Every structure is written in structure tokens, then in C-alpha cells.
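Note sheet for the following structure.
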Number of protein chains: 2
Amino acid sequence: MTLTEALPITDLNACCTPILREPMGADAAEKLARSLKALADPARLRLLSIVASHDDAEACVCDLTEPLGLSQPTVSHHLKVLVDAGYLSREKRGTWAYYSLTPDALDSVSGLISEL
Amino acid sequence: MTLTEALPITDLNACCTPILREPMGADAAEKLARSLKALADPARLRLLSIVASHDDAEACVCDLTEPLGLSQPTVSHHLKVLVDAGYLSREKRGTWAYYSLTPDALDSVSGLISEL
DNA sequence: ATGATAGATTGATGATTGTCGATGTACACA
DNA sequence: TGTGTACATCGACAATCATCAATCTATCAT
């Protein structure tokens, strides 16, 4: 660690503040950005919220298409994004597909944001 | 509240689980999505992280251009997005522009995600 | 005044994304 | 077997976005 040698001489010509801790690396930033991108859409936020509002935190697509005012393919697309990002899990029972919240997925990304 | 009348008859032909609480409205979803979209980019996450790693949680653009490997206009653009979204505040002192973290901005959005 | 530097703004471009209609697939019921 | 339903996938299109080179603005030094 080279942080101990450079004394913070407060030169008026200098523009920079000393670094306290290591900032986030490129790989971690890429990963967190992907998780946040999956969340950063009003339709997907509402989908998560609707699923979370149901008993057992579970809902089928028929519950989700109408309140969003979006077409069924669009809702299916958003659900796929959320499943791929790990926020939802899909279980097919008979004709219907049931989506449920992945435990701790939201809390995990929320924690990463706080520790930024 | 109309939640008290519809009894949850567990019909095997039904596909839907009863609703426990009101899901997020369209306006709230739009607003949170805008905040998250500003965060959902690897370059902007690293910018926030670098600013937070500095003493006084403050940094000028000269600190930020090089470690990201991006051009100066691109970094300025990302900084503007973060300022507009309320995560950073900009203060110009002399020739340099200093960016600092807005208190509680990250914690606020992090809390909204947890309560989804 | 002149030149140099820090940073913002503009314009253009290629990539990504949200949306929908059309189609495909799997299951249920007659 | 055939028909209807629930959902996924595909292809297309418009909109948004990340990025950079070029330019502009403001400040400092000489």
C-alpha cells in the first residue's frame, strides 16, 4: 500500500483530495450496473412490486399483464429480464407460469448501493 | 378498501394468489426507475465510488478522467447525469470543478429498493 | 493582451432497449 | 384428434444512450 508516503500538502495549486480507500473496480462496477439496469425500468419495478404484494410472493402472468397496461409479449420480456438478473424465479405449473421473488436478491443490491 | 370481501377460495382452476398490499403506483415506479437508471452504468458507479473514496467525499474531474479510461467529455457527461439525478453536487473553485456526494441520496434509493 | 489549462457543450454515430404484432409451443379439455 | 388457452420467442421499429472529436467558455499565469 503506497498510501502512507504521500503527505497531503494542501497546495493551493493542487486540485485533488487524497484517497481514503480503494474505489470500486471495473469488474465489480460492470456487475452491479447489470443488476441495476435490470431494475431501472418502471414496468419491471411494478412487476416486482406486484409479485411482492401477492400472498406467497408469487404471481402468474395473468395477474401482471392487465395492471401494467402492456402487451403480453412485453410483460413476458420484462419477466425474463428479471429472472435472468436473479430477482425472480419461474415455476411452471400446468398452463400457468408462476413468478416468485428470489430471497435476498433485492436486499443484496440495496446493500451494495449503500456501501458505494 | 375492498380487500376484506373477496374470500380466497383455493380453486384449482384459478391461477392467482390474493393480494396482500397495494403494489407500487405508476408514478412512483417512474420516479424510482429514473433514479436507478442514473445509477445503472459502470462508469457512473465508479465515479461515485471514486468520489466517496476521497477525503471529504470530494473530487475534481482531473481525478476522475484517468482512472476510468474515458475521454473528458464522456466523464463530464456522466457527472452531469449524476448531478441531475441528485447523487452529486458540483462546486466550482477557481479553474477546477469539485464534485461531492449528496448526503443520504444513495441510502434513500437503497431503502426504496428494499421496501419494494 | 496572450497563451495555457479545466471543464462544459455540441453534433454525430453505433449500440442498446422498450414495445408490439405475429408466430410458435406446451398443456388442458372436449 | 382438435380446439382453446397461457405463455414464450421472433422480427421489426422507434427511442434512448454511451462515447468521442471538435468546439466553446472561463480562469489563471506571464
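Residue numbers begin at 1 in each chain, while the letters A, B, ... track the order of the sequences. In this text, all values refer to a predicted model and were calculated from it rather than measured experimentally. Excluded from the calculations below are hydrogen atoms, water molecules and symmetry mates; all remaining heavy atoms, backbone and side chain alike, are included.
We find that CD of B:Glu91 is positioned 15 Å from C1' of C:dA6, with the value rounded to whole Å. Across the protein-nucleic acid pair, B:Leu36 atom CG and C:dT17 atom C1' stand 16 Å apart, rounded to whole Å. Taking atom CZ of A:Arg34 as the reference point, atom P of D:dC17 lies 20 Å away to the nearest angstrom. The separation between A:Lys92 atom NZ and D:dA6 atom C1' is 7 Å, rounded to whole Å. Between B:Tyr98 atom OH and C:dA8 atom P the separation is 13 Å, expressed in whole Å. The interatomic distance linking A:Glu30 (CD) with D:dA18 (C1') rounds to 12 Å, in whole Å.
Residues from residues 65-86 of chain A lying near DNA chain D, meaning a heavy-atom separation below 4.0 Å, are A:Gln72, A:Pro73, A:Ser76, A:Lys80 in numerical order.
Comparing A:Thr95 and A:Asp41, the nucleotide of DNA chain C nearest to each residue sits closer to the 5' end for A:Asp41. Place A:Val61 and B:Arg93 on DNA chain D by their nearest nucleotides, and A:Val61 ends up nearer the 5' end.
Among the atoms of the strands shown, only primed sugar atoms or phosphate atoms (P, OP1, OP2) are found under 4.0 Å from some heavy atom of B:Arg44. If you check every strand for non-hydrogen atoms under 4.0 Å, B:Arg90 touches sugar and phosphate atoms only.
Residues B:Ser71 and B:Thr65 come closest through the heavy atom pair C-CG2, 4.3 Å. The shortest heavy-atom contact between A:Ala97 and A:Arg90 is CB-NH1, 3.7 Å. Between A:Ala38 and A:Leu82 the shortest heavy-atom distance is O-CD2, 3.8 Å.
Within the 3.5 Å criterion, the main-chain N or O of A:Ile113 finds no donor-acceptor partner in the side chain of B:Ser110. Between the A:Arg44 side chain and the B:Ala33 main chain, no donor and acceptor come within less than 3.5 Å of each other.
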For nucleotides 14-16 of chain C, list the nitrogen or oxygen atoms of the protein found under 3.5 Å from its nitrogen or oxygen atoms, one pair per line.
none

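Comparing C:dA8, D:dC28, C:dT19 against the side chain of B:Ala97 picks out C:dA8 as the nearest.
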Can A:Leu79 and A:Val75 be said to form a side chain to side chain contact (heavy atoms under 4.5 Å, CB included), step by step? CA-CA 6 Å; A:Leu79 288 170; A:Val75 173; 3.9 Å; yes
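When A:Leu48, A:Leu68, A:Leu47, A:Val83 are each tested for a side-chain contact (heavy atoms from CB on, under 4.5 Å) with A:His78, only one passes: A:Leu47.
Taking CG of A:Leu45 as the reference point, atom CE of B:Met24 lies at 5.5 Å (rounded to 0.5 Å).
In this structure, B:Tyr99 does not reach the C:dA6 phosphate: none of its side-chain N or O atoms is under 4.0 Å from OP1 or OP2.
In this structure, the salt bridge (Lys or Arg N to Asp or Glu O under 4.0 Å) partners of B:Asp84, at least two apart in sequence or on a different chain, are B:Lys80.
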